[in-house]
Participant: 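Just passing along the structure, written as structure tokens.
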Amino acid sequence: MQFLVNVVDDGQADTAGRTESATRAEMDAVDALNERLGDAIVFAAGVSAPSDATVVDARGATPISTSGLVGDPAEFVAGFWVMDLPDTETALRVANEASVACNRKIELRPLL
């Protein structure tokens with residue numbers, strides 16, 4: 001099964017005063033987690049600042065582009081993994097490990 005594992009920033013970037021809000025210890029912990037997970041990681045990336053986001057809605061006659069996030073900018077996806085894991089139980093365990101490593105909330109969602 002594949003899972004989307006989102007890292008949720010809920011104020012760390014604002015507190016740090018920069019988009020890349022991870023401390024050196026958090027980056028090292030994530031690197032160690034990535035190394036341990038190895039081939040289970042299909043893809044992983046950090047995401048740029050919410051101010052870089054653009055919402056596009058082309059459902060009507062005239063497409064509309066709006067700067068910013070879809071939802072409340074108090075919480076946003078700061079990075080993510082796509083992981084190939086055997087089951088939901090394993091995914092929950094890995095999400096817990098990711099939360100500890102990142103020192104952030106994690107949103108775990110199965111891919112369809």
Side-chain angles (χ1 to χ4, degrees):
M1 295 178 68
Q2 289 191 332
F3 294 86
L4 177 63
V5 183
N6 286 326
V7 179
V8 179
D9 187 304
D10 61 356
Q12 292 87 357
D14 193 40
T15 299
R18 61 186 196 283
T19 303
E20 302 83 17
S21 62
T23 66
R24 170 54 42 205
E26 291 163 349
M27 288 187 273
D28 291 345
V30 170
D31 287 346
L33 177 65
N34 288 344
E35 180 84 17
R36 192 181 65 68
L37 291 171
D39 290 341
I41 298 172
V42 176
F43 185 78
V47 180
S48 67
S51 59
D52 294 336
T54 302
V55 177
V56 177
D57 186 351
R59 295 175 292 175
T62 305
I64 300 169
S65 295
T66 308
S67 294
L69 298 174
V70 170
D72 180 7
E75 292 189 333
F76 60 90
V77 175
F80 67 93
W81 291 272
V82 174
M83 294 187 190
D84 193 4
L85 300 167
D87 52 45
T88 302
E89 182 178 319
T90 302
L92 286 168
R93 182 182 50 75
V94 169
N96 279 300
E97 293 174 26
S99 180
V100 170
C102 295
N103 192 31
R104 307 286 186 277
K105 291 194 286 187
I106 298 293
E107 177 189 44
L108 177 65
R109 297 174 68 181
L111 295 178
L112 303 176

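Keep in mind the model is a prediction, meaning the values are calculated, not measured.
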Participant: State which residues pass salt bridge (Lys or Arg N to Asp or Glu O under 4.0 Å) with D31; sequence neighbours excluded, sorted by chain then number.
Facilitator: none

Participant: Does one hydrophobic cluster hold both F3 and V7, with members joined at side-chain heavy-atom distances below 4.5 Å?
Facilitator: yes

Participant: Distance check, rounded to the nearest 0.5 Å: I41 atom CD1 versus E35 atom CD?
Facilitator: 9.5 Å

Participant: Following the transitive rule for hydrophobic clusters with a side-chain heavy-atom cut-off under 4.5 Å over Ile, Leu, Val, Met, Phe, Trp and Tyr, establish whether L111 and L85 coincide in one cluster.
Facilitator: no

Participant: Hydrophobic clustering (ILVMFWY, side-chain heavy atoms < 4.5 Å, transitive) - are V100 and I106 grouped together?
Facilitator: no

Participant: Closer than 3.5 angstrom, by distance alone: can the side chain of Q12 be matched with the main-chain N or O of D9 as a donor-acceptor pair?
Facilitator: no

Participant: For residues A101 and A29, report the shortest heavy-atom separation together with the two atoms involved.
Facilitator: O-CB, 3.7 Å

Participant: In this structure, would L92 and W81 fall into the same cluster of hydrophobic residues linked by side-chain contacts under 4.5 Å?
Facilitator: yes

Participant: So V5 and V94, do their side chains get closer than 4.5 Å, heavy atoms only?
Facilitator: no

Participant: Indicate if V30 and F76 have the same hydrophobic cluster label, given that clusters are the connected sets of ILVMFWY residues with side-chain heavy-atom separations under 4.5 angstrom.
Facilitator: no

Participant: I need the full list of salt bridge (charged side-chain N to carboxylate O under 4.0 Å, His left out) pairs touching residues 82-95, with sequence neighbours left out, sorted by first then second residue.
Facilitator: R93-E97

Participant: If I compare all heavy atoms of V55 with all of G68, which pair ends up nearest, and what's the gap?
Facilitator: CG2-O, 3.3 Å

Participant: Provide the full list of salt bridge (charged side-chain N to carboxylate O under 4.0 Å, His left out) pairs with a residue in residues 54-64, sequence neighbours left out, each pair given once.
Facilitator: D57-R59

Participant: State whether the side chain of S99 and the backbone N or O of R104 hold a donor-acceptor pair below 3.5 Å, judged by distance alone.
Facilitator: yes

Participant: Once rounded to the nearest 0.5 Å, what's the spacing between atom CE of M83 and atom CG of L37?
Facilitator: 5.0 Å

Participant: Rounded to the nearest 0.5 Å, what separation is found between the CG atom of L112 and the CE atom of M1?
Facilitator: 9.5 Å

Participant: Could you tell me which non-hydrogen atom of L108 sits nearest to which non-hydrogen atom of A95, and how far apart they are?
Facilitator: CD2-CB, 4.3 Å

Participant: Which pair of non-hydrogen atoms, one from A98 and one from L33, has the smallest distance, and what is that distance?
Facilitator: CA-CD2, 3.6 Å

